[in-house]
There are 2 protein chains.
Amino acid sequence: MAQRLSTHDLSTAVRIAVARLSRRLRAEKADDELSDTQTSALAFLVREGSGTIGQLSDHERVKPPSMNRTINCLEEAGYVRRTPDADDGRKVVVVPTEQGLALVAETRRRRDAWLHKRLRTLTPEQRATLAEAASILRELADS
Amino acid sequence: MAQRLSTHDLSTAVRIAVARLSRRLRAEKADDELSDTQTSALAFLVREGSGTIGQLSDHERVKPPSMNRTINCLEEAGYVRRTPDADDGRKVVVVPTEQGLALVAETRRRRDAWLHKRLRTLTPEQRATLAEAASILRELADS
DNA sequence: TATTGTTATACTCTATAACTATA
DNA sequence: TATAGTTATAGAGTATAACAATA
């Protein structure tokens, strides 16, 4: 249950728990799905409506040539479209297609399924703890 | 604070929080550090004392040839040693060296530093919530 | 001259298939 | 015949360097 840990021990506990669950969630990915970066970039475009190569590479913490390749794959698969920027001719605005929007919804549903099944085995108190923790963890990640 | 979420919304909240913090923690890795799998395999060997190629590839969810290469790198760098198995001549027992033990301790300290700094800004109640959540998340990951 | 995107090339990590040695 | 480890080779993802177009 809830021991009082030092912040040092807590760091280790949180890091290990997050890394392990992250790996486990990734293992639930189906073979025909997009890669992590492809999924994440497409999710960004769906969330924001659009984005340039530069914005995407910054957000995903990869270099522009890598993101360029990622967008090439998504474009060939029909999930995004490149459009010219009206104000700045150097920029390329990438927008999700209808197919892209549908894929994001479907992927989310599938990845949540594994976790959802396990969360139902927890007590209401444990679920409440996780709900609070999720909000704390997101703030930490974005800080 | 603690809203009551449906288990479906909770799945999404936990998945996003875990994925985002995981990416953030990985970004804190120094350039001269070992790769994720190298670090994880070495940590396993330090924790368990030793392990075969098969045990390691199972635990890290990679195929034996991949783990073999990982161990080659760690061996060349002087962090592990291959030793013969006394009972089964087909098996190879991998053990960490003194240098390997020291590296795991140092790597943990460094990766925890970023998280540790942020955890100190939380209230004691928030830290208690994370401590409970970490234990719940680990059980989920191992289930 | 600086910035945005792109192309060319190389490196890392992982996988499958085939091989060796042992059980 | 099956298992543990290894070697050979290929594929996916990312990086750096060099280039084109625009600000």
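We name chains A, B, ... by the order of the sequence lines, and we start the count at 1 in each one.
Glu60(B) meets the side chain to side chain donor-acceptor pair (under 3.5 Å) test with Arg23(A), Ser40(B); sequence neighbours excluded. For Arg15(A), the side chain to side chain donor-acceptor pair (under 3.5 Å) test picks out Asp112(B), with sequence neighbours left out. In terms of the side chain to side chain donor-acceptor pair (under 3.5 Å) criterion, Glu139(A) has no residue partners (sequence neighbours excluded). Under the side chain to side chain contact (heavy atoms under 4.5 Å, CB included) criterion, Arg90(A) pairs with Asp88(A), sequence neighbours left out. Residues satisfying the side chain to side chain contact (heavy atoms under 4.5 Å, CB included) criterion with Gln126(B), sequence neighbours excluded, are Ile136(A), Leu122(B), Thr123(B).
For the segment residues 46-59 of chain A, the set of residues with a heavy atom within less than 4.0 Å of an atom of DNA chain C comprises Thr52(A), Ile53(A), Gly54(A), in numerical order.
Distances shorter than 4.0 Å separate some side-chain N or O of Arg82(B) from OP1 or OP2 on dT6(D). Of the side-chain N and O atoms in Asn68(A), one or more sit less than 4.0 angstrom from OP1 or OP2 of dT6(C).
The CE atom of Met67(A) sits 11 Å away from the P atom of dG5(C) (whole-angstrom rounding).
Applying the ring-ring contact (aromatic ring centres under 6.0 Å, His included) rule to pairs touching residues 121-143 of chain B yields nothing, sequence neighbours excluded. Residue pairs meeting the salt bridge (Lys or Arg N to Asp or Glu O under 4.0 Å) criterion with at least one partner in residues 68-82 of chain B, sequence neighbours excluded, are Glu75(B)-Arg82(B). The ring-ring contact (aromatic ring centres under 6.0 Å, His included) analysis of residues 55-78 of chain B, with sequence neighbours excluded, yields the pairs Phe44(B)-His59(B). Residue pairs meeting the ring-ring contact (aromatic ring centres under 6.0 Å, His included) criterion with at least one member in residues 116-135 of chain B: none, sequence neighbours excluded.
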Where along nucleotides 13-23 of chain C does protein come under 4.0 Å, by heavy atom, of base (B) or sugar-phosphate alone (S), with - for untouched nucleotides?
-> BBBBB----BS
How is the base pairing of DNA chain D summarised as a dot-bracket string, given the Watson-Crick and G-U wobble criteria with both distances under 3.5 Å, [ ] for crossing and | for another strand?
-> |||||||||||||||||||||||
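In terms of hydrophobic clustering, with Ile, Leu, Val, Met, Phe, Trp and Tyr side chains grouped at heavy-atom distances under 4.5 Å, Val93(B) and Tyr79(B) are assigned to different clusters.
Between Asn72(B) and Lys91(B), the residue whose closest nucleotide on DNA chain D is further toward the 5' end is Lys91(B).
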